[in-house]
Amino acid sequence: MTSLNAPLPFDSNGRPVVVHSRHERELAVGHWLLSAAPDMHEARDQWAKTGIALLRCGGVFTAVRIQADIVQAAAGTEKPELIGAFLAEALQGGPVFIDMSSRRYYVLVPASTPAGRWVPGVERLGSGSFLGVPCPQRTEPEKSRSYWCVPMDGPGALCSPDAVTLLVSYGSHQQSTGQCLAVEAKESDRG
């Protein structure tokens, strides 16, 4: 319990900042994501039963599907925890989940993201697409087939399409120059 005399956190402009617990953020994110479901009650039941709900792309978000080898090449590693940290920094904290069965990452971007031209192994899932999205609480690779490697920070907090383009370009470049896992190889030689 907080004391009434405890100092409040302030932002850089001197305004009080409201701090939310992880549980509160996950709850808010869940409600926001469910707004993309054709049937919110059914999607909520899917999350409760399987941990994954079918949501419609192109309304509140669009997804960019990226093959794991492109992401691993960009990150310079195959280790899930290091990839998650790399993606959080490269995508400025934007939300990303992985489906380990298909070995594909899904980066959530604004619905207004243009289709554009992507490299092979990358596809934009917009209007007319449906996507199996894990519930916000799924953040551990050992516990599920599909999980958030970079969880959503709050409702509507999506990745910058420009950051995704840079990530894909860098990963593709690393693949084409044969440097995909050079960082990891150097680390294992030292260890």
Side-chain angles (χ1 to χ4, degrees), residues 8-13 15-36 47 51-53 55 57-100 103-114 116 118 122-126 131-144 146-174 183:
L8 292 173
F10 292 93
D11 67 12
S12 61
N13 294 319
R15 294 182 299 242
V17 175
V18 177
V19 178
H20 297 282
S21 70
R22 178 179 173 179
H23 175 72
E24 290 171 323
R25 281 194 312 273
E26 288 173 348
L27 187 61
V29 164
H31 287 296
W32 184 82
L33 286 169
L34 287 173
S35 71
W47 270 349
I52 298 173
L55 303 181
C57 297
V60 295
F61 67 84
T62 289
V64 178
R65 177 170 50 203
I66 309 170
Q67 289 180 349
D69 57 342
I70 294 171
V71 173
Q72 291 168 349
T77 184
E78 293 179 348
K79 296 177 182 174
E81 66 279 1
L82 296 178
I83 291 172
F86 170 80
L87 289 172
E89 185 174 329
L91 299 174
Q92 299 145 7
V96 183
F97 69 89
I98 181 172
D99 179 339
M100 302 219 313
R103 298 195 68 240
R104 292 184 176 147
Y105 287 83
Y106 295 86
V107 182
L108 301 189
V109 295
S112 61
T113 302
W118 296 97
V122 180
E123 179 182 7
R124 177 185 162 276
L125 305 175
L131 180 60
V133 177
C135 64
Q137 294 79 15
R138 286 197 169 207
T139 58
E140 299 295 325
E142 305 84 33
K143 296 183 181 176
S144 55
S146 186
Y147 70 94
W148 293 93
C149 50
V150 182
M152 287 189 78
D153 196 35
L158 300 170
C159 289
S160 155
D162 292 338
V164 178
T165 300
L166 287 173
L167 169 75
V168 168
S169 296
Y170 181 67
S172 296
H173 173 75
Q174 291 296 91
V183 172

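Here, residue 1 is the first one in the sequence, and each next residue gets the next number.
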Euclidean distance, [Y] [atom2] relative to [X] [atom1], rounded to 0.5 Å:
X: L82; Y: L87; atom1: CG; atom2: CG; result: 11.0 Å
X: R138; Y: W47; atom1: CZ; atom2: CH2; result: 11.0 Å
X: I70; Y: R104; atom1: CD1; atom2: CZ; result: 10.5 Å
X: L91; Y: C159; atom1: CG; atom2: SG; result: 4.5 Å

Which heavy atom of [X] sits nearest a heavy atom of [Y], and at what distance?
X: Q92; Y: S160; answer: OE1-CB, 4.2 Å
X: S146; Y: I52; answer: CB-CD1, 3.8 Å
X: L108; Y: A63; answer: CD2-CB, 4.0 Å
X: F61; Y: V133; answer: CZ-CG2, 4.5 Å
X: L33; Y: P136; answer: CD1-CG, 4.3 Å
X: A111; Y: R124; answer: O-NH2, 4.1 Å

For [X], all residues meeting side chain to side chain contact (heavy atoms under 4.5 Å, CB included), sequence neighbours excluded:
X: E123; value: R65, L125
X: S169; value: T165
X: P110; value: S112, T113, L158, P161
X: A68; value: Q72, R103, Y105

Beyond-backbone contact of [X] with [Y], side-chain heavy atoms, under 4.5 angstrom:
X: P95; Y: V150; value: no
X: Y147; Y: P134; value: no
X: V96; Y: V107; value: yes

request  = In sequence, state the C-alpha distance, the side-chain angles, and the governing distance for V122 and I66, and then conclude on side-chain contact (heavy atoms from CB on, under 4.5 Å).
outcome  = CA-CA 5 Å; V122 180; I66 309 170; 4.1 Å; yes
Q. What pairs meet the ring-ring contact (aromatic ring centres under 6.0 Å, His included) rule with one or both residues in residues 66-99, with sequence neighbours excluded?
A.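 Qualifying pairs: F97-Y106, F97-W148.
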